[in-house]
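What follows is a short report on a single structure.
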Amino acid sequence: MSYPEKFVYRFGKTVTDGNKKLKSLLGGKGANLAEMSTIGIPVPPGFTITTEACKSTIDNQMNWPETLLEQVEEGIKNLEKEMDLTFGDPEKPLLISVRSGAAVSMPGMMDTILNLGLNDEVAEAIIKKTNNERFAYDSYRRFIDMFGDVVMGVSHELFEEAIESMKEEVGVSKDIELSADHLKELTDRYKAIYRKETGHMFPAEPMEQLKFAINAVFNSWNSTRAKKYRQISKIHGLIGTAVNVQAMVFGNMGETSGTGVCFTRNPATGESKLYGEYLINAQGEDVVAGIRTPKAIAELENRNPDIYDELLSYTRKLEAHYKNMQDIEFTIQDGDLFILQTRNGKRTGTAAVKIAVDMVNEGIITRKEAIKNLVEPGHIEQLLHPQFKESSFSDKEIIGKGIPASPGAAVGKVVFDSQKAEDAEGPVILVRIETSPEDVGGMSSSEGILTSRGGMTSHAAVVARGWGKPCVAGCGDIVINYKNQSFTNGEVTVKEGDWISLDGNNGKVILGKKELMEPDFGKEYETLMQWVDEVEEMKVRANAETPEDAQVARNYGALGIGLARTEHMFFKPGRINYMRKMIIANSEKERVAALENLLPFQKQDFVEIFEVMEGLPVTVRLLDPPLHEFLPQEESEIKKVARELDVSPDMLQKKVDQLKEFNPMLGHRGCRLGITYPEITEMQTRAIIEAAIELSKQGQKVLPEIMIPLVGSVEEFRNQREVVDRIANEIMTEADISVEYKVGTMIEIPRAAILADQIAEDADFFSFGTNDLTQLTYGFSRDDAVKFLPSYIETGILKQDPFQVLDEEGVGQFVQAGTRLGRMTNPDLKVGICGEHGGDPDSINFAYLTGLNYVSCSPFRVPVAHLASAQALLKLKTDEEAPEALETFEA
Ligand code: ADP
Ligand code: MG
Ligand code: MG
């Protein structure tokens, strides 16, 4: 692979080469530092080394591309000029930070080093210049810690232990209570730790420090935890991390300095108010690391209203500029405010919907922008998650209250260890004092996360929100004891394996396993979904076969039923035995008699579903599964059923044996059943048409669509269509009334897709049964693929499970071909998709691009599908804004 010559992009007040659109090249952090520099936000100057430089270095055994060193040196020279400081200078030294940052934010996954450029001489120079010895050594010891940890792999714990024992010796509890002398002594101890662990002196030469640091950031791209995070978060296709080299500003210079993080709006509720935390006299990660408990941003307003107002004005400017809620890092250096980072803030589903609607009402964005950029399908999904029934527990059972860091309800057994969470069977709640990037595996395997320390911006909170997982953070009511594998609130002790319930909506920790109920959506949701309705072209239907499910689907906005599986109706008690009688019948006469018993049930089912779906189409699929699925398999069961059916067990056993198939999925099923036993198709047609007539007579509008499954040739389809039309006409003539109905087919066999032009001549509609189509295209048995799919995904042979996300490259071609060929001979052909993929946002996008009329998915996914359908259209129709849209989905 060859790369362009430019590896370094500057940002600052005087020159800026990059902008927010260059995320894949400069990483999110770098692109936004550049963007902020050009719109008048005070950002310390610096430069960004591109992701291409990272990739090239990793690909070449850590050898930098030829001109990189030159360009970095040039970058430092420019920075020195702009700051009027010099790297390593004994009078006016320049200190820098070296920060990682990929195109997609991965909180805390990769590394950052602050205060680089320090050595003994420079420390002295800083003391002379600032007259602040404490500050100089506080910065120095932090630098040795970060450099040791990030570059040389010296455990951060060792430095932590040193500072802890220092505090003990001195008799103080907080790091800010250590004096200049203590910190100077601590710096020496840190150097000794460094030397002991690495066998080298701490490197004093700034340029050498810098080269090491850049390599360490490059390397952190492929650290185990970073790779794991990308795998869990399904982040694909990035080439590496960028490296940002930036002039330091200091929040640890004393009482008039500080550092903090804030969201332009509340990320949990969406409330339109600056939300965040800060610490006085602190640096960098202190706020998120839970070293001291940070103060709420509202306190800054009291303490220093001028700075607060300034911060507020920048946050408003950034929000309006990015047209999105921002997550911002800032530092105050001796009364001067600097912004160090901005990105689109992660938020809960509730917050996403409220922020989107509010920002439209405030005139910051349009309705279309709100739909396209501010709400993700996952947000809507989160809203549909259940909540706790308030009545299901008493106040006494609440054993603690923490920060509601990520909403939703979770129940599980307590584990204190991430590995255990990963290994556990059944639902678990991960309980930690704090989480760190090492914990992501365990966090992802847990139902919810509880921490005793840290705030809204702690690692646990940020990661959990990103994944839509409930999290209660900073629950100071509980004390965790890892040794005993328990936690206590002073009265109650909870041990590993005990059940607890977590309410991420209000921060409650509840003893035991509590009951859940359906959520409340809030009024902004209604508004947003109305806007979605207004733009969407491709319709959303639901897969449902009971009146209850159909009602849920209609409440969620389904515009019809795309798949009613009739076999599900036969499994109900009271009918299954008639079904069995039909199956074991020895003659057509017996079979017809059994079917006659089924008819009233089946008809009643349709009456109820058609009623719920009044005025909307209902696609009914004729009997599909192999018949053995209806018969008992165990000997004792066979005996019992034989008694119920009043036949001999031997005879039933013989029938069961006869129906056994080597490959039931490829066996006697789908339209093959209706072809060999036309009386089944006849009965089902009768039930559908009679139900339709009954409701029609009452003045209701019913639109039945009869769907023939598993068709592979036009002859099969014609055979079944003839039966359906004949029976339908008979009944309608008899009743002297005609109802409108359609007859179409599932396209789920590759052969049908490529001969779709023939089939469409006789069919009124197609519905792609993408589950079977995937199975038959790949030759993967749906039921056996679990044995190898996980390792396919791990080794990268497959990116995703094709049964969850439609394989556009392969299976998608059949969908495209089937649609195109079908419409060639039948321009009015209605085409949809049913099966798992109908509810998956990527697959929905594909369905839209293919020109389908509708997607059909499970009732609970209908709102998600509506949003995805509208987004597919908006993405296509507003192409020039595509980079903007990408940016949002990443944040
Ligand atoms: P992350 O991606 O993990 O947030 P960052 O690169 O943003 O890592 O840096 C970690 C912390 O250090 C942040 O709090 C950031 O604000 C702070 N920081 C980074 N660079 C500077 C700098 N030049 N001056 C002051 N603080 C900085
Ligand atoms: Mg940051
Ligand atoms: Mg099928």
Side-chain angles (χ1 to χ4, degrees), residues 11-12 26-33 36-37 41-49 79 82-83 85 94-118 135 138-139 142-143 145-146 149-150 210 213-214 216-217 220-221 223 225-226 229 241-253 257-263 276-279 281-291 294 311 326-334 336-346 436-437 440 455 457-459 461-463 466 890-891:
F11 56 87
L26 303 181
K29 204 180 284 169
N32 286 335
L33 285 169
M36 286 196 289
S37 303
I41 302 284
V43 172
F47 57 87
T48 304
I49 303 169
L79 192 52
E82 177 146 5
M83 295 296 290
L85 298 169
L94 169 71
L95 297 191
I96 55 174
S97 66
V98 177
R99 319 171 64 188
S100 60
V104 175
S105 123
M106 303 164 52
M109 275 301 128
M110 291 178 304
D111 293 319
T112 291
I113 298 169
L114 303 181
N115 310 331
L116 189 138
L118 262 163
F135 157 65
D138 184 51
S139 305
R142 287 170 186 271
F143 173 47
D145 179 347
M146 283 184 262
D149 177 18
V150 171
L210 177 58
I214 291 170
V217 174
S220 68
W221 175 251
S223 66
R225 67 185 196 201
Y229 185 90
T241 179
V243 183
N244 301 286
V245 175
Q246 187 176 29
M248 282 301 300
V249 287
F250 300 96
N252 57 339
M253 272 192 162
S257 300
T259 185
V261 289
C262 64
F263 294 90
E277 298 162 329
Y278 82 111
L279 274 176
N281 198 6
Q283 193 176 46
E285 306 276 63
D286 288 6
V287 179
V288 277
I291 289 169
L311 178 62
Q326 295 296 295
D327 170 355
I328 294 166
E329 289 175 5
F330 64 92
T331 284
I332 307 161
Q333 170 176 300
D334 197 15
D336 289 329
L337 178 61
F338 295 90
I339 306 295
L340 286 158
Q341 189 172 342
T342 193
R343 59 184 162 200
N344 296 335
K346 293 205 157 120
S436 79
V440 290
T457 52
S458 65
H459 177 264
V462 172
V463 172
E890 156 263 303

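Order of appearance sets the numbers: ligands from 1, and atoms from 1 within every ligand. One-based numbering along the sequence shown.
- Counting atoms of ligand 1 from 1 in the listed order, those under 4.0 Å from a heavy atom of L340 are 16 (O), 21 (C), 22 (C), 23 (N), 24 (N), 25 (C), 26 (N), 27 (C).
- Closest to atom 17 (C) of ligand 1, if we only count protein heavy atoms, is G284 CA, 3.8 Å.
- Among all heavy-atom pairs drawn from S37 and F11, the shortest one is OG-CB, 3.7 Å.
- Ion pair R99/E329 flagged as a salt bridge, since at least one NZ, NE, NH1 or NH2 atom sits closer than 4.0 Å to an Asp/Glu carboxylate oxygen.
- Checked by atom type and distance alone, the side chain of S100 never pairs as donor or acceptor with a backbone atom of V217 at under 3.5 Å.
- Near E329, the atoms of ligand 1 lying under 4.0 angstrom from a non-hydrogen atom of the residue are 4 (O), 7 (O), 13 (C), 14 (O), 15 (C), 16 (O).
- Closest approach between the Mg ion (ligand 2) and any N/O/S atom of E329 involves OE2.
- For Q341, the nearest N, O or S atom to the Mg ion (ligand 2) falls under 2.8 Å.
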Next item on the list: In sequence, state the C-alpha distance, the side-chain angles, and the governing distance for Q341 and N32, and then conclude on side-chain hydrogen bond (donor to acceptor under 3.5 Å, both in side chains).
Entry: CA-CA 7 Å; Q341 189 172 342; N32 286 335; over 6 Å; no

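- Between the side chains of D138 and Q283, no donor N or O sits under 3.5 Å from an acceptor N or O.
- T259 places a side-chain N or O within 3.5 Å of a backbone atom of F330 that can act as its donor or acceptor partner.
- Residue I328 comes nearest to I339 through the heavy atom pair CG2-CG2, 3.8 Å, listed as atom of the first residue, atom of the second, then distance.
- Of the candidates G46, P44, A247, the one placing a heavy atom closest to atom 23 (N) of ligand 1 is A247.
- In terms of protein heavy-atom proximity, atom 10 (C) of ligand 1 is closest to E285 OE1, 3.5 Å.
- On a distance-only criterion, R99 and ligand 1 share at least one N/O pair closer than 3.5 Å.
- Counting atoms of ligand 1 from 1 in the listed order, those under 4.0 Å from a heavy atom of L114 are 12 (O), 18 (N), 19 (C), 20 (N), 21 (C), 27 (C).
- For a threshold of 3.5 Å applied to N or O pairs, the pair formed by V249 and ligand 1 contains at least one separation below that value.
- In K29, the part holding a heavy atom less than 4.0 Å from any atom of ligand 1 is the side chain.
- Looking at Q341 against ligand 1, only its side chain comes within 4.0 Å, counting heavy atoms.
- Checking only distances, S97 does come within under 3.5 Å of ligand 1, N or O to N or O.
- Between R142 and D149 there is no salt bridge, since no side-chain nitrogen of the basic residue lies less than 4.0 Å from a carboxylate oxygen of the acidic one.
- Ligand 1 has a nitrogen or oxygen under 3.5 angstrom from a nitrogen or oxygen of T112.
- Under the 3.5 Å distance criterion, with hydrogens and angles disregarded, no donor-acceptor pair is assigned to the side chains of Q333 and S257.
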